[in-house]
Q: 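The structure that follows is given in the form of structure tokens.
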Amino acid sequence: MQFVIGIFMARLLSPSDYGLTALPAVLFSIAGVFIEGHFGDALVRKTEVKELDLSTAFLYSQIVGIFFYIIIFFASPFLADYYEAPVLSPMIRVTSLPFLYGALNVPMTVILRRRLDFKTPFKVSVVCRIVSGIVGISLAFTGFGVWALVLSSLASSILELILTWIFVRWVPKTGWSKDSFSYLWNYGNKMIASVLIDRVYTSISPAFIMKYYSAAALGVYNRAFAYASLPSMQLTSTIQTVSFPVLSKMKDDHENLKYEYRRMLRLSAFVVFPLMTILCVLSRPLIVTMITAKWEPCVPYLQILCLSLMWFPINALNLNLLRAKGRSDLFLRLELIKKALGVVILILTLPKGLIVFCWGSVLSSILSIVVNTYYTNKLMNYGFLRQMLDVLPMFLLSLVMGLIIYFMNSFIPSLWLKIICGGIVGLSFYVLIAKLFRFPELDDAIYMVKLKK
């Protein structure tokens with residue numbers, strides 16, 4: 001749904017509109033690290049959660065949310081002046097409104113995750129996507145421009161809070177607990193530092209692209225990144241959400257933990273690798289037919305970013321293991337090392353143009369795997385080489401599939417036929433070979449599709 005809605009929005013809006021919304025999204029992302037505090041993770045892995053724990057997490061998030069909204073409210077005119085875009089000031093203030101009410105989502109999300117209830121968030125997400133899509137497309141069609149993106153996002157956040165509360169019906173019943181906060185903070189402070197480093201790092205490039213290139217250049221890059229991240233990050237996020245409470249429950253059972261972790265890793269690669277390969281090979285016909293030729297400049301960025309983000313599930317699951325083990329200290333250490341390497345790559349590549357910068361992200365992804373697997377090897381003897389050997393069959397099969405699609409499409413003139421034939425032939429070949437060589441991940445994927453509960 002996100003992909004389809006994005007097609008309609010991109011056809012109605014310009015690259016500059018998307019570029020302007022990138023900066024408020026960056027501020028929202030960074031402030032959200034402090035507001036959530038990763039107290040949710042701490043509560044999910046806690047053996048017993050009391051009402052006092054939930055209320056403490058809520059009060060912390062509420063206080064910090066109000067604090068950040070006040071800061072952003074008064075800082076927004078200066079940011080608008082710096083980027084020479086007056087519309088940024090009201091946009092930032094409106095985009096940040098969820099800081100004032102989003103704290104209620106923290107304890108309710110914890111309750112659902114501890115129940116392993118993923119059906120309820122799915123239902124909420126479906127409704128929110130539909131409503132926000134209708135709002136956004138309607139506003140874009142009637143000429144609201146960049147405000148269509150802002151107001152549709154705001155509508156989604158308000159509706160998500162209302163629907164989640166209807167399902168969970170949680171309200172704070174107690175006050176603040178010093179002991180509870182100490183437990184939450186001891187786990188969360190290192191996670192805050194780790195995620196903050198990551199968010200600041202990922203925010204550097206949009207800030208520099210908009211300042212030293214243009215809002216349109218940032219919009220084109222962000223559109224390419226959004227499409228490249230859709231299959232990779234969305235699917236990985238789903239697997240992470242499910243895997244964290246599951247792995248947390250077996251954190252002391254070494255053998256079962258390693259078995260389930262390897263299974264999740266191989267399944268992630270089995271699903272994500274072919275999708276990213278198809279998106280890479282079919283990027284031009286997809287972009288031109290779906291969101292028109294005005295977005296064609298994002299095609300080379302999209303192709304390179306697919307090669308970078310296809311490794312995202314490997315990196316994410318390695319870090320998820322550390323979270324499940326409660327080793328937020330190791331998580332922080334890895335983030336410091338990776339981001340130091342990433343900043344060096346960014347400094348060397350960004351001044352040379354966005355194409356070189358995208359290739360730098362591919363290098364950064366590969367180096368991140370090497371770094372992230374260090375402690376996985378220490379904790380359960382499952383390091384870089386063993387993980388690469390586990391996912392190598394899926395990588396090679398995806399590569400061959402991509403070459404077949406590319407060769408076949410060189411004889412097809414129609415862009416629509418390239419998409420249809422490439423997608424059908426590519427996926428059919430991938431599934432057929434996986435079935436012929438009896439990939440166990442195919443059975444796992446089929447089982448997950450059929451699973452009703």
Side-chain angles (χ1 to χ4, degrees), residues 1-13 15 18 126 129-130 133 136-137 140-141 220 222-236 238 267-310 312-313 358 393-437 439 441-442 445-446 448-450:
M1 285 191 295
Q2 182 176 339
F3 177 74
V4 173
I5 291 169
I7 290 173
F8 284 100
M9 296 289 284
R11 293 178 73 95
L12 293 168
L13 301 175
Y18 279 90
V126 168
R129 293 293 183 194
I130 293 173
I137 293 171
F141 187 76
V220 168
N222 270 12
R223 188 87 320 246
F225 185 85
Y227 284 137
S229 63
L230 185 61
S232 179
M233 290 188 176
Q234 291 292 335
L235 289 172
T236 303
T238 302
L267 178 60
S268 299
F270 181 81
V271 175
V272 172
F273 281 7
L275 292 179
M276 298 303 290
T277 303
I278 291 175
L279 182 58
C280 177
V281 178
L282 298 180
S283 56
R284 184 180 178 276
L286 280 170
I287 292 296
V288 174
T289 55
M290 298 296 181
I291 57 177
T292 72
K294 69 181 177 182
W295 289 97
E296 191 170 358
C298 78
V299 170
Y301 307 146
L302 175 57
Q303 291 172 330
I304 301 170
L305 289 172
C306 283
L307 301 178
S308 171
L309 291 173
M310 71 186 303
F312 182 78
C358 290
M394 285 75 84
F395 178 77
L396 293 177
L397 181 56
S398 298
L399 181 62
V400 174
M401 177 197 68
L403 292 173
I404 291 173
I405 297 173
Y406 179 81
F407 179 76
M408 181 189 68
N409 278 355
S410 63
F411 298 99
I412 301 176
S414 169
L415 294 179
W416 279 107
L417 284 178
K418 287 178 185 287
I419 297 171
I420 296 171
C421 295
I424 293 175
V425 171
L427 288 177
S428 299
F429 171 81
Y430 187 85
V431 172
L432 180 63
I433 298 300
K435 188 173 183 63
L436 183 64
F437 285 89
F439 281 34
E441 295 77 25
L442 178 60
I446 294 173
M448 288 183 67
V449 171
K450 293 181 177 179

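What you see is a predicted model, and the numbers here were worked out from it, not measured in a lab.
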Q: If you take all heavy atoms of Ile419 and Pro285, which pair is closest and at what distance?
A: CD1-O, 3.5 Å
Q: Please find the pair of heavy atoms, one from Ala140 and one from Leu13, that lie closest to each other, and give the distance.
A: CB-CD2, 3.9 Å
Q: For Ser232 and Leu309, indicate whether the former's side chain and the latter's backbone hold a donor-acceptor pair under 3.5 Å.
A: yes
Q: If you measure from CG on Leu302 to CZ on Arg223, what distance do you get to the nearest 0.5 Å?
A: 10.5 Å
Q: In Å, rounded to the nearest 0.5 Å, how long is the span from OG of Ser283 to OH of Tyr301?
A: 13.0 Å
Q: Could you measure the distance from the CE atom of Met276 to the CG atom of Leu230? Nearest 0.5 Å is fine.
A: 9.0 Å
Q: Rounded to the nearest 0.5 Å, what separation is found between the SG atom of Cys280 and the CG atom of Leu286?
A: 11.0 Å
Q: For Thr277 and Phe273, work out which heavy atoms get closest and say how close.
A: OG1-O, 2.8 Å
Q: When rounded to the nearest 0.5 angstrom, what distance separates CG in Leu282 from CD1 in Ile287?
A: 11.0 Å
Q: Taking all atoms of both residues into account, what is the closest heavy-atom pair of Val220 and Pro297, and its distance?
A: CG1-C, 3.8 Å
Q: Report yes if the side chains of Gln303 and Val299 come closer than 4.5 Å at any heavy-atom pair, otherwise no.
A: yes
Q: Just list the side-chain donor-acceptor pairs under 3.5 Å for residues 428-436, sequence neighbours left out, or say none.
A:
unit_1, atom_1, unit_2, atom_2, d
Ser428, OG, Ile424, O, 2.6
Tyr430, OH, Phe270, O, 2.9

Q: Would you mind writing out the side-chain donor-acceptor pairs for residues 396-412 within the sub-3.5 Å range, not counting sequence neighbours?
A:
unit_1, atom_1, unit_2, atom_2, d
Ser398, OG, Met394, O, 2.8
Asn409, ND2, Lys418, O, 3.4
Ser410, OG, Phe407, O, 2.5

Q: Output a table of donor-acceptor pairs, distance under 3.5 Å, between side-chain atoms of residues 4-12 and any protein atom two or more places apart or on a different chain; print 'none' if there are none.
A:
unit_1, atom_1, unit_2, atom_2, d
Arg11, NH1, Thr289, O, 3.3
Arg11, NH1, Met290, O, 2.8

